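Taking it in order: structure first as structure tokens, then the write-up.
The analysis underlying the following values was restricted to heavy atoms, covering all of them including side chains, and did not include hydrogens, waters or symmetry mates. Order of appearance sets the numbers: ligands from 1, and atoms from 1 within every ligand. This one's a predicted model, so the numbers in the text were calculated from it and none came from an experiment.
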Amino acid sequence: VCISETIPRCSVTIISDEFTPNTTSDVAAGMLIPHTYPGTPIYQQKQWFKETFDYLFAINNSSEALSAGISLVSGWQIFKTNSNAELPFWSDIVLGFRAMTEMELKKFPQYRFGQAFTTLKCDCPSYLLRLEKRLKGNGGEVHAKRITNLWDLQNDYDIVVNCTGIGSRELIGDLKIYPVRGQVLKVHAPWLNHFIRDPDGLSYIYPGIHNVTLGETREKDSWNLSPDPNISKDIFDKCCALEPSLQKAQDIKVRVGLRPARLAVRLQKEILVQGEKKLPVVHNYGHGSGGFSMHWGTAKEAARLVGECIATLQDPLPKAKL
Ligand SMILES: Cc1cc2nc3c(=O)[nH]c(=O)nc-3n(C[C@H](O)[C@H](O)[C@H](O)COP(=O)(O)OP(=O)(O)OC[C@H]3O[C@@H](n4cnc5c(N)ncnc54)[C@H](O)[C@@H]3O)c2cc1C
Ligand SMILES: O=C(O)CCC(=O)C(=O)O
């Protein structure tokens with residue numbers, strides 16, 4: 001969508017073996033709370049987050065907020081000791097970031113310290129559908145197909161943009177990307193409107209427009225997409241301990257996704273060469289636990305790299321095909 005809007009002379013085709021509601025992005029809680037990529041400079045992460053936050057905040061302030069699934073949500077990040085509660089790099093981008101008051105902390109008797117703020121949340125399937133509609137509205141095409149070799153695209157497209165997430169491990173053999181399995185529950189509890197996040201206890205409660213996401217697990221190198229009932233019970237019990245009214249939650253659904261983890265997001269141009277043939281590729285994958293938090297910022301950078309590829313195509317076509 002970002003490429004089709006910033007470089008209108010490109011024709012864009014999305015090729016993917018799975019679409020919403022069957023992607024990792026559909027499982028995500030969709031909270032704009034970044035995780036740090038140790039291999040990406042902080043100033044860069046801050047810029048991607050700010051661009052994403054500003055973009056979604058504008059949607060939230062429009063009549064499209066509901067259909068796009070974008071809501072503002074206020075709440076608390078809580079800690080049992082002060083020692084892990086550093087000021088995050090994104091504290092001046094979310095709204096009203098501050099230490100919790102003693103009165104607020106009374107809601108969580110086991111916790112000593114906390115941070116209160118307001119951020120944005122995506123209802124991911126609604127948001128993904130909106131993106132697909134916008135792409136098609138801009139003349140883009142969507143094809144369902146598994147790609148096993150990027151060279152298979154060379155005859156039909158001038159530039160390939162690789163956004164295959166964890167699929168990049170197999171597709172391009174990037175062994176630096178690995179799965180971090182996450183199991184969450186999506187429940188109906190419409191009376192909840194504050195989020196609660198205990199990062200050390202791996203628990204979160206994230207109310208959105210259509211459901212509340214309860215989490216979480218982080219299992220490095222696990223490719224298992226089957227839900228584990230014991231984990232579901234553990235998540236539910238931990239979340240009820242934080243928010244006892246959840247005992248009355250209904251319509252509990254379990255979802256599992258594989259976070260595409262990497263030391264750094266790979267946002268880079270690469271020119272593949274096979275004899276006389278060249279294939280410009282722009283990689284944009286490895287967003288780990290922060291794909292929603294960073295998506296628009298990283299998309300803007302990918303679109304800029306596509307612009308550079310177009311400029312270096314030997315015989316620029318009147319309309320480049322991606
Ligand atoms: C439980 C959980 C909770 C999360 N919560 C949050 C959150 O609150 N906030 C946040 O910012 N992030 C969150 N994340 C992280 C976020 O979900 C990911 O960073 C994001 O979804 C990655 O998006 P992606 O488009 O790179 O990958 P995907 O959503 O996996 O999309 C990749 C696409 O590429 C396709 N594909 C892959 N390989 C091929 C191939 N060979 N041929 C054709 N198509 C292919 C796939 O079918 C898929 O459609 C969460 C993740 C999990 C698992
Ligand atoms: O970490 C969070 O609190 C947001 C959810 C998330 O990013 C995840 O589960 O990967």
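- Not a single heavy atom of Glu216 sits less than 4.0 Å from an atom of ligand 1.
- Using 4.0 Å as the threshold, Gly215 has no heavy atom nearer than that to any atom of ligand 1.
- Taking 4.5 Å as the limit, some side-chain heavy atom of Gln115 sits within range of a side-chain heavy atom of Phe113.
- With respect to atom 1 (O) of ligand 2, the closest heavy atom belonging to the protein is His35 NE2, 2.6 Å.
- By the 4.0 Å N-to-carboxylate-O rule, Arg98 lies close enough to Glu104 to be salt-bridged with it.
- The atoms of ligand 2 that sit less than 4.0 Å from any heavy atom of Glu216 are 9 (O).
- Follow the hydrophobic side-chain contacts under 4.5 Å out from Leu56 and you reach Met294 in the same cluster.
- Taking every non-hydrogen atom of Met31 and a distance limit under 4.0 Å, the qualifying atoms of ligand 1 come out as 7 (C), 8 (O), 9 (N), 10 (C), 11 (O).
- Between Tyr204 and Tyr206, the ring-plane angle classifies as parallel under the 30° and 60° cut-offs.
- No side-chain donor from either of Thr6 and Arg304 sits under 3.5 Å from a side-chain acceptor of the other.
- When Asn22, Thr164, Val265 are ranked by how near their heavy atoms come to atom 34 (O) of ligand 1, first place goes to Thr164.
- The closest heavy-atom contact to atom 44 (N) of ligand 1, among the options Val256, Asp17, Ile166, Val180, comes from Asp17.
- Aromatic ring orientation, Tyr55 versus Trp296: parallel (interplanar angle below 30°, classes split at 30° and 60°).
- Cation-pi check for Lys121 over Phe195 is not met; the charged atom does not lie both under 6.0 angstrom from the ring centroid and within 45 degrees of its normal.
- Applying the salt bridge (Lys or Arg N to Asp or Glu O under 4.0 Å) test to pairs two or more places apart or on separate chains, those with a residue in residues 160-182 are Arg146-Glu170, Asp174-Arg262, Arg181-Glu219.
- The proximity of Pro34 to ligand 1, defined as any non-hydrogen pair under 4.0 Å, does not occur for either the backbone or the side chain.
- Numbered from 1 in the order shown, with element, the atoms of ligand 1 that lie under 4.0 Å from a heavy atom of Thr23 read 29 (O), 49 (O).
- Applying the 4.0 Å criterion to heavy atoms of Gly288 picks out, from ligand 1, the atoms 15 (C), 16 (C), 18 (C), 19 (O).
- Each of the following atoms of ligand 2 lies closer than 4.0 Å to a heavy atom of Arg197: 1 (O), 2 (C), 3 (O).
- Of all protein heavy atoms, the one lying nearest to atom 8 (C) of ligand 2 is Arg218 NH2, 3.3 Å.
- Residue, atom and distance of the protein heavy atom nearest to atom 10 (O) of ligand 2 are Arg259 NE, 2.6 Å.
- Judged by the 6.0 Å and 45° rule, Lys46 forms no cation-pi pair with Phe89.
- Ligand-side atoms of ligand 1 in range of Val184: 1 (C), range being under 4.0 angstrom from any heavy atom.
- What sits closest to atom 3 (O) of ligand 2 on the protein, heavy atoms only, is Tyr206 OH, 2.4 Å.
- Under the 3.5 Å distance criterion, the side-chain polar atoms of Gln77 are left unmatched by any main-chain donor or acceptor of Gly114.
- Taking distance alone, with nitrogen or oxygen atoms compared against 3.5 Å, Tyr206 stays at or beyond that limit from ligand 1.
- Considering backbone and side-chain N/O of Ala28, none are found under 3.5 Å from N/O of ligand 1.
- The shortest N/O to N/O separation between Gly257 and ligand 1 does not fall below 3.5 Å.
- Ligand 1 has a nitrogen or oxygen under 3.5 angstrom from a nitrogen or oxygen of Phe292.
- The atoms of ligand 1 that sit less than 4.0 Å from any heavy atom of Tyr204 are 3 (C).
- The shortest side-chain heavy-atom distance between Ile33 and Phe117 falls under the 4.5 Å cut-off.
- Looking only at protein heavy atoms, the nearest one to atom 7 (O) of ligand 2 is Ser289 O, 2.8 Å.
- Considering only heavy atoms from C-beta on, Phe97 stays 4.5 Å or farther from Asp92 through its side chain.
- Salt bridge status for Lys136 with Glu141: absent, with no side-chain N to carboxylate O gap under 4.0 Å.
- Residue contacts with ligand 1, taken as heavy atom pairs separated by less than 4.0 Å, do not involve Ser168 at all.
- Heavy-atom contacts of Ile147 reach the following atoms of ligand 1: 40 (C), 41 (N), 42 (N), 43 (C) (cutoff under 4.0 Å).
- For the pair Thr20/Glu132, a side-chain contact is recorded, criterion being any heavy-atom separation below 4.5 Å from C-beta on.
- Interface atoms of ligand 1 facing Lys145, defined by a heavy-atom separation under 4.0 Å, are 43 (C).
- Val265 is connected to Leu32 through a chain of hydrophobic side-chain contacts under 4.5 Å among Ile, Leu, Val, Met, Phe, Trp and Tyr, so both are in one cluster.
- Between the side chains of Asn224 and Ser222, not a single donor N or O lies within less than 3.5 Å of an accepting N or O.
- Interface of His287 with ligand 1, defined as ligand atoms under 4.0 Å from a residue heavy atom, comprises 19 (O).
- Residue Pro260 has no N or O atom closer than 3.5 Å to an N or O atom of ligand 1.
- With respect to atom 5 (C) of ligand 2, the closest heavy atom belonging to the protein is Tyr204 CE2, 3.6 Å.
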